[in-house]
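Below: the structure, in structure tokens.
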Amino acid sequence: MYIITMKQTLTLAALLLATLNVAAETKTVSSPDGRLIVTISDEGGQARYAIAYDDKTALLPSRLGFEADFGDFTTSLTIKGASVAPVSKTYQMRQTKQSAGHYQANMARIDFTNQKGQQMTVEMSVGNNDVAYRYLIPRQQKDNPKAAVIRREASSFLLPDGTTTFLCPQIDPMKGWERTKPSYEEDYTPDAPMNAKSLFGQGYTFPCLFKAGADLWVLISETGVSSQYCGSHLSDFRPETGYTIAFPQPGEFGGLGSHYAGIALPGQTPWRTITVGTSLKPIVETTISYDLVEPLYQPSQQYAGGRYTWSWLIWQDNSINWDDQVAFIDLAAKMGYEYCLVDNWWDQNIGRERMAELSRYAQSKGVSLLLWYNSNGFENDAPQTPRGRMDTNIARDQEMAWLKQIGVKGIKVDFFAGDKQETMKLYEEILYDANRYGLQVIFHGCTLPRGWEVMYPNYAASEAVLASENVYFTEQHAQSEAFELCMHPFCRNAVAAMDWGGTIMNKYMSRDNKKRHRRYTTDIFEMASAIVNQSAIQCIALQPNNLEELPQMELDFLKAVPTTWDETRLLDGYPGRYVVLARRHGNQWYVAGLNAEQTAKTLLLQMPEFAGQTVKYYVDDAKKGPQLRQLKFNKKGEAKVTMQSGGGLILM
């Protein structure tokens, strides 16, 4: 028996007290303007960081670190060194919310060791409204291991008490139609408390928007995810840790492939991004998704944005035939649009030989085709064809060579369902192969793009949202369209291009424009949404009948609406209620507003570029319907405007 004497007890107590009294190492990094401050520490053997903006708490001390197959970097950590250096970067962007980026930040590297003496570095970039961090993992002692499996991250986000949330739930794997989920197509819930459980118990998809107190907004997402890591999301809220980075669910991708992340060493994880502001302007205008990533390959040619027509949205599967596609090609030509999208079943309903003929016909009209593809192989049950043409290198190479030969300019690839590293690899392989054949790529039924507009030069846009097809499917979603399109500028579309899938001008969701449920938004709302929704290749979902039904002033606007922007600015708004954006294309400013509230919304807009000018004013009149008027801005660049419920405005 071992007996502890009084002297030994006092010695143990002294050692314990000495251990508790060891001061934690703390490092502070501030933004170039000094308003955003990040504090990193190793208190209690855990790597933590906290964020304050203008002395207001954005994040309480939150966890850093990860657990790998070779070592644990979540506990018993000690800061061993740190350095901070300014970074400044200017770059051109192709198809995002603005054409040029200028990123300034202070970049810190904080070195940690664990109990075994193994090392990791937290790279923390602090800009004026954006914080981003990632883990740098070196090879360890004796130059091994040379590869690592990241089993989980401790990375967390602990927001202040009273924070409200604007979140979209992650769904269980292999659920939904033909086992095609998760596909980032669930409903956002605004103004919810943090302790509300997610709808499916699987946390929330990026991006995640929070209102921390009376006047602080926080947007959390990630960027730089390629084939070298898995995509992530946020866990449900837990009082002690807040929200934690969650890896894909094991059942995704048909249960095949690891839900962990594997990387070669030395290596790094993707960037976790946190955008903070006392207003929503920094949230809407952030470019952090693009600031920290680089192109992974060179474009094979100069890719062009544009507008496309799309029969499937209203005419559905029965329209995928020769005559109807000719009608939509002719519609695109009459409107001066660059593309026409031919959706699923074209290989069976039209046939591959006639598709070559259809492409030649489109080109004779100055229109290029975009063709739909199923991503499958084996990961879900979606039956639409062409199937089995995008899931292997051999099939893709054959298919894309044929597409180039017949003059097709882009593809829309659908049904991915999940965020595993295997799935990210499939996205990357499709994009890389498509670039070799001069094809742009739109993804649907898919994950959030994470910096992809810069990383992949031929990437165009992703759905990753409960999109316009649902306006057709159910009256419930038609009724919620205004809410959804007033939500996305502040979250989903703030971090990446969004292929919503159609500015809908039919009054009713039917081919004859007389049956089924109606559209609940005004024509001006729909026209304005073509500016508010950011995607360089964008669907203007006109139907042939619209050419005879719509006022000429609406058609004239839709003929000329651009899809690429040099600058974006938030003028006013609140998530899910209303939004007014200003976007510049060349020297021309466009101001577009949407109103999802139950009553008319009157605002005093400030637009210095319009000071003393009279501009075109597309607006809904409560009695007369859509109107094109003139609006005078005063010398301060101010003017009063009104948006009807479910309506919008356009100034230009």
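Because the structure is a prediction, the values reported are computed rather than measured. Note: hydrogens, waters and symmetry copies are ignored here, and every other heavy atom, side chains too, is used.
- Between F166 and W217, a ring centre-to-centre spacing shorter than 6.0 Å is recorded.
- Residues forming a salt bridge (charged side-chain N to carboxylate O under 4.0 Å, His left out) with K365 (at least two apart in sequence, or on another chain): none.
- Taking the salt bridge (charged side-chain N to carboxylate O under 4.0 Å, His left out) definition, one finds that D556 meets it with nothing, sequence neighbours left out.
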Exercise answer: donor-acceptor pairs, residues 568-576 side-chain atoms, under 3.5 Å, sequence neighbours excluded:
| unit_1 | atom_1 | unit_2 | atom_2 | d |
| --- | --- | --- | --- | --- |
| T568 | OG1 | K97 | O | 2.6 |
| T568 | OG1 | R583 | NH1 | 2.9 |
| R569 | NH1 | E609 | OE1 | 3.0 |
| R569 | NH1 | E609 | OE2 | 3.4 |
| R569 | NH2 | E609 | OE2 | 2.9 |
| D572 | OD1 | Y578 | OH | 2.9 |
| Y574 | OH | D191 | OD1 | 2.6 |

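- Salt bridge D499/K412: absent, no basic N to carboxylate O contact under 4.0 Å.
- Salt bridge R516/D512: absent, no basic N to carboxylate O contact under 4.0 Å.
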Original post:
What's the verdict on side chain to side chain contact (heavy atoms under 4.5 Å, CB included) for Q325 and I320, showing C-alpha distance, side-chain angles and the deciding distance?
Top reply: CA-CA 7 Å; Q325 293 313 304; I320 311 304; 3.7 Å; yes
For residues 527-542, please give each side-chain donor-acceptor pair under 3.5 Å, one per line with the distance, not counting sequence neighbours.
| unit_1 | atom_1 | unit_2 | atom_2 | d |
| --- | --- | --- | --- | --- |
| S529 | OG | E526 | O | 2.6 |
| N533 | ND2 | S529 | O | 3.4 |
| Q534 | NE2 | Q95 | O | 3.4 |
| S535 | OG | I537 | O | 2.9 |
| Q538 | NE2 | A530 | O | 3.4 |
| Q538 | NE2 | N533 | O | 3.1 |
| Q538 | NE2 | S535 | O | 3.4 |

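- Looking at R307 and E338, a side-chain N of the basic residue comes within less than 4.0 Å of a carboxylate O on the acidic one, giving a salt bridge.
- Salt bridge status for R35 with D55: absent, with no side-chain N to carboxylate O gap under 4.0 Å.
- Shown here are the side chain to side chain donor-acceptor pair (under 3.5 Å) partners of W315, two or more places apart in sequence or in another chain: Q543.
- The side chain to side chain donor-acceptor pair (under 3.5 Å) contacts involving residues 640-652 comprise T602-T642, where partners must be two or more places apart or lie in separate chains.
- Residues E463 and R492 are not paired through a salt bridge, judged by the lack of any N-O separation under 4.0 Å between the basic side chain and the carboxylate.
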